[in-house]
2 protein chains.
Amino acid sequence: MSPRQIPEASVSRLPVYLRALVELAEHGMNTVSSVALADAAGVNSAKIRKDLSYLGSYGTRGVGYDVEYLIHQISRELGLEQDWPTCIVGTGNLGQALARYGGFSERGFRIAALFDADIGKVGTELDDLSVMHIDDLERVVKEEEITIAIVAVPARNAQDVADRLVAAGITSILNFAPAVLQVPDHISLRKVDLSIELQILSFYEQRKVAKESVLRGTARRRLEAVERGSGTTTTR
Amino acid sequence: MSPRQIPEASVSRLPVYLRALVELAEHGMNTVSSVALADAAGVNSAKIRKDLSYLGSYGTRGVGYDVEYLIHQISRELGLEQDWPTCIVGTGNLGQALARYGGFSERGFRIAALFDADIGKVGTELDDLSVMHIDDLERVVKEEEITIAIVAVPARNAQDVADRLVAAGITSILNFAPAVLQVPDHISLRKVDLSIELQILSFYEQRKVAKESVLRGTARRRLEAVERGSGTTTTR
DNA sequence: TCCTGTGAATTCGTTCACAGCC
DNA sequence: GGCTGTGAACGAATTCACAGGA
């Protein structure tokens with residue numbers, strides 16, 4: 001099983017497929033073709049087939065894929081059959097929202113601890129968990145066997161927190177702080193940056209405005225350059 | 001100015017460079033080399049030079065880039081010199097956190113309106129804005145000239161909301177709902193999916209565990225496949 | 001006949017390496 | 001001597017297109 005190296009781009013789509021499959025299963029579908037799954041996942045069917053082929057030959061020619069079986073295989077591949085105790089560092093606006101967000105525990109990411117540096121917040125109850133002081137990090141990470149951490153602290157504290165997390169034995173970090181984190185090679189790092197996403201949208205939005213003025217004859221010279229740059233930017 | 005088509009991958013890095021540059025400026029730096037900027041932005045220097053070359057020849061050989069000038073150019077390219085009135089649809093956990101998140105307005109994304117379908121929430125004050133009913137969407141989008149919308153509603157309502165946003169004249173959507181949205185070609189769509197990010201981390205986390213057992217001699221056959229799959233996944 | 005699985009072709013993105021300018 | 005700007009080389013990801021099994 002899992003013979004080869006799955007390309008990163010492919011890995012990052014597996015959760016999308018998984019969600020689409022779960023939805024199809026809820027609608028009573030037993031099998032699904034690559035075209036139907038592609039449609040549900042918002043990609044094209046060649047990608048589906050190629051991506052799934054990295055996991056193994058789980059489809060049946062002339063028929064499609066067995067929905068339940070595929071759910072099982074993708075879950076296994078993603079490591080979702082085990083529980084991953086996770087902690088959230090920082091219980092400001094975003095940290096609180098993340099702590100209350102049901103979507104994590106739903107998929108095996110049990111929030112095992114919340115940390116904050118602000119003594120005023122320590123001891124507060126939040127979604128059945130009591131906020132702990134950041135100085136308890138090392139101890140609790142060990143006790144609860146936490147391997148994944150979500151960083152939701154202000155940018156200026158993010159690197160410090162990351163260093164402490166790494167020292168405490170965390171091996172994966174999901175960073176929400178608007179800062180570039182340096183971590184050792186063996187640590188997996190992903191980032192979610194809210195305002196960067198808006199800035200990317202702004203770029204294409206501006207190009208659309210430019211295109212409109214072109215069509216109104218304001219700056220005809222720029223038409224060609226603009227022509228292909230204003231489409232949808234992701235996920236299609 | 002802006003002669004050619006900037007590759008999408010490059011566009012999505014510009015906001016990162018911009019933030020690094022602002023930080024450098026705050027530390028009193030006047031010029032920066034591609035190597036120094038690369039370091040601050042967490043990428044390599046060839047990428048910096050190539051990306052910046054798409055914007056024009058803004059550097060000086062033998063010296064580097066003028067920090068302020070580059071900030072100006074990137075901001076202009078990203079469309080950040082204008083104000084983009086933005087709305088948030090859905091004022092649950094996440095919507096509330098986003099409404100209070102300072103990072104948006106900081107960069108010109110003024111939150112101009114909040115919408116919710118729940119009558120109980122309509123009229124609530126949230127970060128100086130009163131929550132409006134979703135039925136006011138069309139009117140307010142026009143009045144406030146909103147072009148960008150942030151979707152933070154439950155997955156099952158996301159497509160409906162997206163359809164209404166598009167009908168109301170929105171042209172960019174940032175989707176936080178864990179659902180695949182279908183929008184017309186002329187609409188820019190980006191998504192932020194919290195639990196997908198964790199699932200991707202889980203994949204690599206699992207591979208690390210597998211690697212450990214390999215090193216303990218449990219499953220020597222899998223070593224080769226695992227070897228290159230457990231590194232950091234993004235931003236380096 | 002239908003739909004998967006996959007080599008081959010293509011496109012896109014990254015990195016190298018160095019000419020050219022300060 | 002130092003650093004940018006960029007063709008050329010390379011590598012990754014996507015798409016095509018079809019052979020082959022159900």
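Everything quoted here is computed from the prediction, not taken from an experiment.
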Between [X] ([atom1]) and [N] ([atom2]), how many Å, whole number?
{"X": "Gln5(A)", "N": "dA13(D)", "atom1": "CD", "atom2": "C1'", "answer": "14 Å"}
{"X": "Arg61(B)", "N": "dG2(D)", "atom1": "CZ", "atom2": "P", "answer": "17 Å"}
{"X": "Leu14(B)", "N": "dG13(C)", "atom1": "CG", "atom2": "P", "answer": "13 Å"}
{"X": "Leu70(B)", "N": "dC3(D)", "atom1": "CG", "atom2": "C1'", "answer": "14 Å"}
{"X": "Glu8(A)", "N": "dG13(C)", "atom1": "CD", "atom2": "P", "answer": "15 Å"}
{"X": "Leu37(A)", "N": "dG5(C)", "atom1": "CG", "atom2": "P", "answer": "12 Å"}
{"X": "Ile48(B)", "N": "dG13(C)", "atom1": "CD1", "atom2": "P", "answer": "17 Å"}
{"X": "Arg49(B)", "N": "dC18(C)", "atom1": "CZ", "atom2": "P", "answer": "13 Å"}

Q: Report the residue (Asp51(A) or Val63(A)) whose heavy-atom-nearest nucleotide on DNA chain C is the more 5′ of the two.
A: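 Nearest-nucleotide comparison on DNA chain C picks Val63(A).
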Ionic contact status for [Y] with [X], cut-off 4.0 Å:
{"X": "Glu23(A)", "Y": "Arg156(B)", "result": "no"}
{"X": "Glu77(A)", "Y": "Arg207(B)", "result": "yes"}
{"X": "Arg76(A)", "Y": "Glu81(A)", "result": "no"}

[X] side-chain N/O to [N] phosphate OP1/OP2 under 4.0 Å:
{"X": "Arg13(A)", "N": "dT14(D)", "result": "yes"}
{"X": "Ser33(B)", "N": "dC3(D)", "result": "no"}
{"X": "Asn44(A)", "N": "dT15(D)", "result": "yes"}
{"X": "Ser34(A)", "N": "dC3(C)", "result": "no"}
{"X": "Lys47(A)", "N": "dT15(D)", "result": "yes"}
{"X": "Tyr65(B)", "N": "dG5(D)", "result": "yes"}

Q. Taking the side chain of Lys50(B) as its heavy atoms from C-beta onward, which of dG5(C), dT6(D), dT14(D) lies nearest to it?
A.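 For the Lys50(B) side chain, the nearest candidate turns out to be dT6(D).
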**Q.** Closest-nucleotide ordering on DNA chain D, the 5'-leading residue of Ser10(A) and Thr60(A)
**A.**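 Nearest nucleotide further toward 5': that of Ser10(A).
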Q) For residues Ser188(A) and Lys208(B), is any side-chain donor paired with an opposing acceptor at under 3.5 Å? A)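 Side chains of Ser188(A) and Lys208(B): pair found under 3.5 Å.
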Q: Would you please indicate if the ring centroids of Tyr65(B) and Tyr58(B) are separated by under 6.0 Å?
A: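 That pair fails the under 6.0 Å test.
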